[in-house]
Enquirer: 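First the structure, which I've put down as structure tokens, then a few questions once you've had a look.
We name chains A, B, ... by the order of the sequence lines, and we start the count at 1 in each one. Atoms considered below: every heavy atom in the structure, side chains included; atoms not considered: hydrogens, waters and symmetry mates.
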Protein chains: 2
Amino acid sequence: MVNHVYDPFRSDFESLDELADRISQVLECPVTIEDANHRLLAYSTHDERTDSARISTIIGRRVPEKVINQLWKQGTIPALLTTKEPIRVKEMNEIGLGHRVAISIWKQEEVLGFIWALEINKSLTEEDFSLLRKAAESAKNKLLQLQTRKNKNEERFQEFFWKLLTGHLYIQEEIMEHFHTLNIIPASSYVLLVFQFQQNVTSKEEQNISYLLKTNQHLKIMLYTIDCNQLILLVSTDNMQNTFKELTKFAHFFVFKMSERYNITNITPVFSSIYYDYSHLKKAYTETREILSIKNQFPNETKNIYTYQRLGIYRFFNILLQKRKSEDYENYALKKLGEYDQKHNSNLIETLDVYLNKDTNINDAAKVLNVHANTLNYRLKRIAEIGEIDFKDPNQKITLYIDLKLEKHLRM
Amino acid sequence: MVNHVYDPFRSDFESLDELADRISQVLECPVTIEDANHRLLAYSTHDERTDSARISTIIGRRVPEKVINQLWKQGTIPALLTTKEPIRVKEMNEIGLGHRVAISIWKQEEVLGFIWALEINKSLTEEDFSLLRKAAESAKNKLLQLQTRKNKNEERFQEFFWKLLTGHLYIQEEIMEHFHTLNIIPASSYVLLVFQFQQNVTSKEEQNISYLLKTNQHLKIMLYTIDCNQLILLVSTDNMQNTFKELTKFAHFFVFKMSERYNITNITPVFSSIYYDYSHLKKAYTETREILSIKNQFPNETKNIYTYQRLGIYRFFNILLQKRKSEDYENYALKKLGEYDQKHNSNLIETLDVYLNKDTNINDAAKVLNVHANTLNYRLKRIAEIGEIDFKDPNQKITLYIDLKLEKHLRM
DNA sequence: ACGACTTTTGGAGATTCTCACAAATACTCA
DNA sequence: TGAGTATTTGTGAGAATCTCCAAAAGTCGT
């Protein structure tokens, strides 16, 4: 039996593994220690009994994403991030999680990591909880040491990444040398992924982002950095069969999670083309900034576009707008249709717009407009008459499509 | 009988009508005198027998166009324009033309008009021909008087028109005043029609053009002028139901006739929008010059376009080209397809081009490409795969359409 | 020259689209 | 209000398109 005053974790341990073993020994249950991003730092080895969640954590050296997700949804992680008290987690068989108790490791107002104790042989008592608190206190110093080491490393990463982004590092061998030194395996193809935030990213948010990136298991992120309101990721695209689909999926995932977990909304994702040469990273960076610039100008129109290629007409929308503003051009067909709409308060313009945006598919457009296909047909005939349009002429249709978009934008 | 030496037309006549009557009296047949543009100047009245062509000429105060056309085709007018001798014309019942003899009236190397003698009561003899020569000589002076008067008038027309074109005349009442003074009825709506020639128009060509315009009966031309290599017409559009169709027809007619009759080719027609206010004539003129400028830049692409509205994407093709040249953009889909074409020497790009230009109509495009519709279908699927194109997305299709046109133009 | 692969062509059948017509309803102007 | 016009909806025939499948022809690398 353990005395209340005596602290079994006071002595200096060689390593976190040693501490994990000691905790395990004292509490008589398997123990794992994770950093704030749920990466495995240490685990006890004396006890062979464990659950499947712990096994995958140890094998993958990180907590599986679905487990993290579950712990978020069900409130454990949010609780751990707000209190210094141990939290008991009920068994969750669907993700292979047995009964366990967790406590967060704090340095001032910041969580450095977590200690998990599995309640396999016994249920932890109030006394055990008190011991856990002491264990967490003891782990803190070890984690801090790790963190300062990590921070120094982090700085070297940052410097390297910015040199690449700004084109200050362009000799192939030099770049590879740096990758090697930083222990990163450079992918043979990559894209640059940029998330633009509404406001500059605070250090608190930076932690959250970092957490989300570290816990994500979708993409191989070689390097990342934050610059004012932009999060910049260098992502490997090796062995990806459907690159842009995957990237889009990740972008949506990230945006969704940021909103769900941290209530940060209005994040604009964007990604460069695929590049093969790291000396082109500057170009990739310029490309993403160009996309962002266009997306910022036409947010509604380009809502679902993330790459330069897919910008389509919005690539040159700006110069068209400028030209339009500088001359007193008016699309004759749209003018006539507008006048007709005004006079008969109909909506031929809207009809035309939907029709063109639905790729001149009558059925689809009719559905959107909530009218019978024949009605749409009739309207299109009237539109062709009134606007003197030949719907068989792609040049005319394209002109209408573009002019409609320009007008819509000018009216806003 | 008439003496060879005696000239019955030597005395001074009060008017051309008097001369016509005298010729008619001497030759014993109906006589008409026309100017170089086949406008009726005078006709004999003593004889009541005549043919239907003469009747319509007198009624309309000009020779009907179909008669002129026939006389061109069949060689009479060209002959009259080269020789000072009388020419005999065979009966042409299909246009109501009886037997007749014509002679041209010359001043130096220029034809001022024609005298026509109908052989109704008798066939003209060699002696009569000699008389006709004398009659033509006698008519010359009268015609010259008319012409100087006409030239003076012409100058006033020119001055007025240029004032309108350059915007130096913009007060409604003043403009109407001028119209009235010049005895022109101002139409309530008008367009400006400009024909651009390859070279500057010579005074010889000017006569031909003038001839063609004066004899045309399709359009009401209020004013016209020639400036270097441009023929500028102010055309009434009153009572025209299908304005641009009519104008196009006339433009084709004019271009065709200039080529057929005078061997002048490569004439580019162009017309402004419809205007209602004569103070906007300057704007109309600017408009036509803008169209011509674009057509000169992209002659092949805009071959069949005559109005600003119909220019469509070519309105801003120039700025797109500039942008393209200044950046190193490459359409990913086209790049991929180009590479594929190169490697497999296929023609996916061409297929795509035809398909898009045929308004994505599979049957039409297949016909142009000389392949089975299923083949085209197959190719389109491959194109969508290789170029990662979604043919349901209008933005993507439009981008391809435009990028194809830009590339085609850049390659030339 | 062989086999693997791509491309072309043809046809049958299902599905979708288009078009003309008719009837019903809405709107307009005197 | 009532005739005349504009608009919407339904129906059905015919055209066009899509989906399969299969055979033939062409291409490429070895």
Enquirer: Rounding to a whole Å, what distance do you find between A:D364:CG and C:dT15:P?
Expert: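 So the two atoms are 18 Å apart, to the nearest Å.
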
Enquirer: Can you find a pair of side-chain heavy atoms, one from A:F256 and one from A:F253, that are under 4.5 Å apart?
Expert: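 They are not in contact (no side-chain heavy atoms under 4.5 Å apart), so the answer is no.
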
Enquirer: Taking NZ, NE, NH1 and NH2 as the nitrogens, is one of them in B:R310 or A:D393 under 4.0 Å from a carboxylate oxygen of the other?
Expert: no

Enquirer: Between A:D238 and A:K220, does at least one N-O distance fall below 4.0 Å, as a salt bridge requires?
Expert: no

Enquirer: Can you classify the ring geometry of B:H409 versus B:F298 as parallel (below 30°), tilted (30 to 60°) or perpendicular (above 60°)?
Expert: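 Ring orientation, 0 to 90° scale: perpendicular.
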
Enquirer: Ring pair (Phe, Tyr, Trp, His ring centres under 6.0 Å) for A:Y340 and A:H344? Distances and angles first, verdict last.
Expert: CA-CA 6 Å; A:Y340 192 91; A:H344 297 80; 4.0 Å; yes

Enquirer: Are the ring centres of A:H218 and A:F254 closer than 6.0 Å?
Expert: no

Enquirer: Please find out if less than 6.0 Å separates the ring center of A:F316 from that of B:F316.
Expert: no

Enquirer: How does DNA chain C look in dot-bracket form if you count Watson-Crick and G-U pairs under 3.5 Å, write [ ] for pairs that cross, and put | where a base pairs with another strand?
Expert: ||||||||||||||||||||||||||||||

Enquirer: Under a 4.0 Å N-O cut-off, is there an ion pair linking A:E339 with A:K336?
Expert: no

Enquirer: Near DNA chain C, which residues from residues 339-361 of chain A have a heavy atom under 4.0 Å away?
Expert: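 A:N361 - these, ordered by number, are the residues of the stretch whose heavy atoms sit under 4.0 Å from the strand.
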
Enquirer: Just how far, in rounded Å, is P of D:dG14 from CG of B:N363?
Expert: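 My rounded result for the distance is 18 Å.
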
Enquirer: For residues 370-395 of chain B, which residues have at least one heavy atom under 4.0 Å from DNA chain C?
Expert: B:V371, B:H372, B:N374, B:T375, B:Y378, B:R379, B:R382

Enquirer: Does a side-chain heavy-atom distance below 4.5 Å link B:Y401 with B:I313?
Expert: yes

Enquirer: Describe, in one word, how the ring planes of A:Y275 and A:Y190 are oriented to each other, choosing from parallel (under 30°), tilted (30 to 60°) and perpendicular (over 60°).
Expert: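 Judged by the thresholds at 30° and 60°, the geometry between A:Y275 and A:Y190 is parallel.
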
